[in-house]
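Source: prediction; values computed, not measured. So that the names make sense, note that chain A is the first sequence line, chain B the second, and so on, each numbered from 1.
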Protein chains: 2
Amino acid sequence: MADGRSRAVQKGHEIDDRKLRILLAVIDDYVHTAVPVGSRTISRKYETALSSATIRNEMSDLEEMGYLEQPHVSAGRVPTMKAYRLYVDSLLSGGTRAAEADSVREFFFDRVSQMQDVVESAASALSELTRYTAVVLMPKQLDLKVSCLQLVPMNRGSALLVVITDGGVIRNQVIRVSENLDSDALYAISKVLTSRLAGRTLQQVTEALAIYSRYSGADQEVCGAIADMASQMARQTGTDTIAVSGSHNILNYPEYSDVDKARAFLSVLETKDKLLSFLPEEREGFTVRIGPEMGLREMADCAAVCTSYRIGGGHTGTVGVIGPARMPYGRIIGILETVGEALTGLMGEAAR
Amino acid sequence: MADGRSRAVQKGHEIDDRKLRILLAVIDDYVHTAVPVGSRTISRKYETALSSATIRNEMSDLEEMGYLEQPHVSAGRVPTMKAYRLYVDSLLSGGTRAAEADSVREFFFDRVSQMQDVVESAASALSELTRYTAVVLMPKQLDLKVSCLQLVPMNRGSALLVVITDGGVIRNQVIRVSENLDSDALYAISKVLTSRLAGRTLQQVTEALAIYSRYSGADQEVCGAIADMASQMARQTGTDTIAVSGSHNILNYPEYSDVDKARAFLSVLETKDKLLSFLPEEREGFTVRIGPEMGLREMADCAAVCTSYRIGGGHTGTVGVIGPARMPYGRIIGILETVGEALTGLMGEAAR
DNA sequence: GTTAGCACTCACCACTAAAGAGTGCTAACA
DNA sequence: TGTTAGCACTCTTTAGTGGTGAGTGCTAAC
């Protein structure tokens, strides 16, 4: 022990090439097996030129430096959060990303429609691809402007109100209308409404209709319904929309074979605030939170890999993967990159 | 043992009032504790007038009759599937239902829009209310007829295509259109399309457009998009739509503290075919499948309580709750009843 | 600087023993 | 005849025990 300590001091805290190779080997092995990895394993599977004793010395140094730790005295070593951090950082700067672009695209390009749907199918595709929990966040947009309002006739007495905003947010709702309004009448109303309301924010539309409804007695009903819907949309788009998918993938990993841990994990996913707390603020590139960086006790041995995508109006959304800290970061980052690009494409299109 | 057997034979298999009370007490206790219940528990908590020895005799008879069983010789008793069956049947005929109508309605009447959304929010409301897994099934509808097609202008070069069918199914999608089509032009096209296609089934629309697109050269693009969408809708409405919510509520129950069991359960929920296999065919009233009645090995100790709701066009959907056989059936049935009625209301409205 | 060898540690497994809960049965009682 | 008390018995659960094996740290030799 004294020797190990002195070695580390002698050598400083510089991690040389061989140490790095060994560390990466430990991480790699642990990511796949979830079992503490011993010196012999590394010597046999990764660094065949070196004996287990040599590896042992190096591993001892790595432990001294804080990259490895032992669950108990005589088990193999497990990578620390610091090790994952190093690993991820090298990945991010390097660019040794697994390219699975094709299978990713294929996975969710056949289902496209409204933004909400896109968000959800992206989450589900992402979770199926990674076998981890996927999160897609569509941030709140307070400044959405209405670009079109239209009433589409349904059966007598009811119509479908469609509202389109410049952010590409589309919402529709069935409302009651006077029975003697035919298709043309509804279209006429739609044109008037659109011309008066286009360019205003949802909030303004809600307010304007309160005034407008005084003039046109017969259409009060319609105006009321639109006002309701606008305020509802304002509320919805003014709130962060989060889609979570594959949350129970966590059960596939042995670190969560304890049901209580699994439940704690799952309950975080259900709590919007907690979820938001560790999703990064709009930021370019990849963000990787490891262990304590997540800021939640329940997530202390988890990691989250996130990236951003662009939606209309200069806003950016966040898409990410959550799983045990032991994660194949390279693969995940590769997949996320593609998904992020795909989302930017889809959202951009809807928004344009 | 010989005595117990002879008693049962002597008395025939009639279950008298006291036996029934004891049986219900056992079920009740087990539902809440998930621990085999012993004679002393019943004697203390439920039938204070009787001693544990008496209860023991009765329980022995009940075991003989197949209503109770012992996990092992010297544990308490656990209700059998037959007991749950009896319990449920008496509930269904009697009508001792927990009335929680208000809280149920309150729960999801503020989010209404398209049928898909309704189905999903119903599922999520139901699972939150019951703390079990909720399933809402919207059965396939092969004969939906288009009642209205409308193009709503978005930014230049794109429009929102809205399709409404008589079943109240609404779908919309952004499509590309020629840049020189303004709002009026789009409306004119919509009118023509509606007049020609209204009343046809989705399948027919898909086919018709293949022919129609030959005539109007300029609008080929639009027709193609509509044809695509119609066939997509035909595919979607021609498939059973299932919303599952609260699947990991199962982790709250000790019978699933074994992760492998939990995973097996969850994987059934992800397999549409298996899920459909135990959801009842359209049938009035409540259907309760208990244990082996589920027909799946993975679900052998589960139960499903289902009821039906009406959607447009004489079709009915199914809504249900899945959980361990040990379930507070009274409460569940009460909640389901209200949710079913609410769904009928919402779907009916959308459909009318 | 690397390697072989050896003593040592500690989780894990199988096994055993004791404790506790609950039953079945018998005999006595109302 | 139904109910109850008492007791022997069963069987799970829990704690404790020893053996096994993986893996380490250290030392000495190369």
Side-chain angles (χ1 to χ4, degrees), chain A residues 1-8 10-11 14 16-19 21-22 25-26 29-30 33-64 67-79 254-255 257-258, chain B residues 1-11 14 16-19 21-22 25-26 29-30 33-64 67-79 254 257-258:
Chain A
M1 210 224 295
D3 181 70
R5 206 173 289 276
S6 70
R7 277 171 68 112
Q10 270 172 30
K11 300 182 141 204
E14 208 54 50
D16 64 26
D17 185 55
R18 191 172 73 179
K19 277 192 176 46
R21 279 209 322 277
I22 291 173
V26 172
D29 202 81
Y30 187 67
T33 62
V35 169
V37 5
S39 53
R40 268 196 60 212
T41 308
I42 300 296
S43 148
R44 261 185 294 124
K45 294 211 298 191
Y46 299 87
E47 297 284 335
T48 40
L50 299 175
S51 81
S52 67
T54 309
I55 308 283
R56 221 145 45 221
N57 287 331
E58 295 289 43
M59 281 167 87
S60 175
D61 290 353
L62 285 168
E63 183 169 4
E64 195 66 23
Y67 291 108
L68 292 179
E69 65 188 3
Q70 294 177 278
H72 47 268
V73 171
S74 153
R77 254 82 168 200
V78 164
E255 32 272 88
S257 53
D258 176 9
Chain B
M1 210 227 289
D3 182 69
R5 206 173 291 276
S6 69
R7 278 170 68 111
V9 170
Q10 271 172 28
K11 297 182 146 203
E14 209 54 50
D16 64 26
D17 185 57
R18 192 173 72 180
K19 278 193 175 48
R21 281 207 321 276
I22 291 172
V26 172
D29 201 81
Y30 186 66
T33 63
V35 168
V37 4
S39 52
R40 269 196 60 212
T41 309
I42 300 297
S43 149
R44 261 185 296 124
K45 293 211 298 191
Y46 299 87
E47 297 285 333
T48 40
L50 299 175
S51 80
S52 68
T54 309
I55 308 282
R56 221 144 46 219
N57 286 331
E58 295 289 43
M59 282 168 87
S60 175
D61 290 353
L62 284 167
E63 183 169 5
E64 195 67 22
Y67 290 109
L68 294 178
E69 65 188 2
Q70 294 177 278
H72 47 269
V73 172
S74 154
R77 254 82 169 202
V78 164
S257 53
D258 176 9

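Phosphate contact (OP1/OP2 of D:dG25, side-chain N/O of A:Arg77, threshold under 4.0 Å): present. Note on A:Arg40: every side-chain N or O is 4.0 Å or more away from OP1 and OP2 of C:dA4.
Regarding B:Asp61, its CG atom lies at a distance of 14 Å from the C1' atom of D:dT3, rounded to whole Å. Per the geometry, CG belonging to A:Asn57 stands 10 Å off C1' belonging to C:dT3, to the nearest Å. At whole-Å resolution of the value, CD1 in A:Ile22 and C1' in C:dG1 are 13 Å apart. Distance, A:Arg18 CZ to C:dT3 P: 8 Å, rounded to whole Å. Across the protein-nucleic acid pair, A:Glu58 atom CD and C:dT3 atom C1' stand 13 Å apart, rounded to whole Å. Regarding A:Lys45, its NZ atom lies at a distance of 11 Å from the P atom of D:dG23, rounded to whole Å. Regarding A:Ile55, its CD1 atom lies at a distance of 10 Å from the P atom of D:dT24, rounded to whole Å. If you take CD of B:Glu47 and P of D:dT4, they are 11 Å apart, rounded to a whole angstrom.
No side-chain donor-acceptor contact under 3.5 Å links A:Ser60 to the backbone of A:Arg56.
Nearest to the side-chain atoms of A:Leu50 among the listed nucleotides D:dT24, C:dT3, D:dG25 stands C:dT3.
Within the nucleic acid shown, B:Ser39 comes within 4.0 Å of sugar-phosphate atoms alone, with no base atom in reach, counting heavy atoms only. Counting non-hydrogen atoms under 4.0 angstrom, B:Ala53 reaches a base of the nucleic acid.
Counting only heavy atoms from C-beta outward, the side chains of A:Val35 and A:Tyr30 never approach each other to under 4.5 Å. B:Val78 has its side chain within reach of B:Pro71: a pair of non-hydrogen atoms, C-beta onward, lies under 4.5 Å apart. By the 4.5 Å heavy-atom criterion applied to side chains, A:Ile22 and A:Lys19 are not counted as neighbours. No side-chain heavy atom of B:Arg77 sits less than 4.5 Å from a side-chain heavy atom of B:Val37.
Residue B:Arg56 places no side-chain atom within donor-acceptor reach of the base of D:dG2, judged by atom type and a 3.5 Å distance cut-off alone.
Taking CG of B:Leu50 as the reference point, atom CZ of B:Arg21 lies at 7.0 Å (rounded to 0.5 Å).
Within the shown strands, C:dT2 is the pairing partner of D:dA29 under the Watson-Crick or G-U definition, both distances less than 3.5 Å. Shown here, D:dG23 forms a base pair with C:dC8; the pair counts as Watson-Crick or G-U wobble because both key distances fall under 3.5 Å.
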Nucleotide by nucleotide, nucleotides 9-21 of chain C touches protein heavy atoms under 4.0 Å in the pattern (B base, S sugar-phosphate only, - none) BSS---------B
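Nearest heavy-atom pair across A:Pro254 and A:Ala34 is CG-CB, 3.6 Å.
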